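Provided herewith is a single structure, encoded as structure tokens, for subsequent inquiry.
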Amino acid sequence: MTDVRHVLVLPDRDAADEVAAEVGDRFVLAEEPRVVRDALAGEDDAEDAQWLVVVEDPDGQLDAYALDALAAAHDGWLE
């Protein structure tokens, strides 16, 4: 398998922090998930931002369906 990067999109920082912690608890990871603010195009207000949880998967072993379900449980999705 090749390197895979999973990006989970969440509606706010709290949800992103929770998902990042849950991903770390549920899966064996090479590195901690990163939480990143993603401002929507043309928007300067922090309220108009999505939050991303970036999970590196160097061996392509993580279950994308489980990651998507985890994001969905927090009103998000897997890209």
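Keep in mind it's a predicted model, so treat the numbers as computed, not measured.
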Across all chains, not counting sequence neighbours, the salt bridge (charged side-chain N to carboxylate O under 4.0 Å, His left out) partners of Glu56 are Arg5, Arg34
In a table with atom names and distances, give each donor-acceptor pair under 3.5 Å that connects a side chain of residues 7-14 to protein atoms at least two apart or in another chain.
{"unit_1": "Asp12", "atom_1": "OD1", "unit_2": "Asp14", "atom_2": "N", "d": "3.2"}
{"unit_1": "Asp12", "atom_1": "OD1", "unit_2": "Ala15", "atom_2": "N", "d": "2.7"}
{"unit_1": "Arg13", "atom_1": "NE", "unit_2": "Asp17", "atom_2": "OD1", "d": "3.1"}
{"unit_1": "Arg13", "atom_1": "NE", "unit_2": "Asp17", "atom_2": "OD2", "d": "3.3"}

Query raised in the report: Taking the side chain as C-beta and beyond, is there a heavy-atom pair between Leu67 and Phe27 under 4.5 Å?
Result: yes
**Asked** What do the steps show when you test Arg37 against Gln50 for side-chain contact (heavy atoms from CB on, under 4.5 Å), and what is the final call?
**Response** CA-CA 6 Å; Arg37 180 179 177 270; Gln50 296 173 328; over 6 Å; no
In short, Val55 meets Pro33 closest at the heavy-atom pair CG2-CB, 4.1 Å
- Message: Hydrophobic clusters here meaning ILVMFWY residues chained together by side-chain heavy-atom distances under 4.5 Å, can you tell me if Trp77 and Leu52 are in one?
- Response: yes
Glu18 meets the side-chain hydrogen bond (donor to acceptor under 3.5 Å, both in side chains) criterion, sequence neighbours left out, with none
- Give the C-alpha distance, both sets of side-chain angles, the deciding distance and a yes or no for side-chain contact (heavy atoms from CB on, under 4.5 Å) between Val36 and Trp51. CA-CA 6 Å; Val36 180; Trp51 288 85; over 6 Å; no
Heavy atoms of Ala20 and Val35 approach each other most closely as CB-CG2, 3.8 Å
Would you please say whether a donor-acceptor pair under 3.5 Å links the side chains of Glu79 and His6?
no
- Do Leu29 and Val23 come within less than 4.5 Å of each other through their side chains, counting heavy atoms only? yes
Only residue of Leu70, Leu62, Asp63 satisfying side-chain contact (heavy atoms from CB on, under 4.5 Å) with Arg26 is Leu70
Of all heavy-atom pairs linking Gln61 and Asp57, the shortest is N-OD1, 2.9 Å
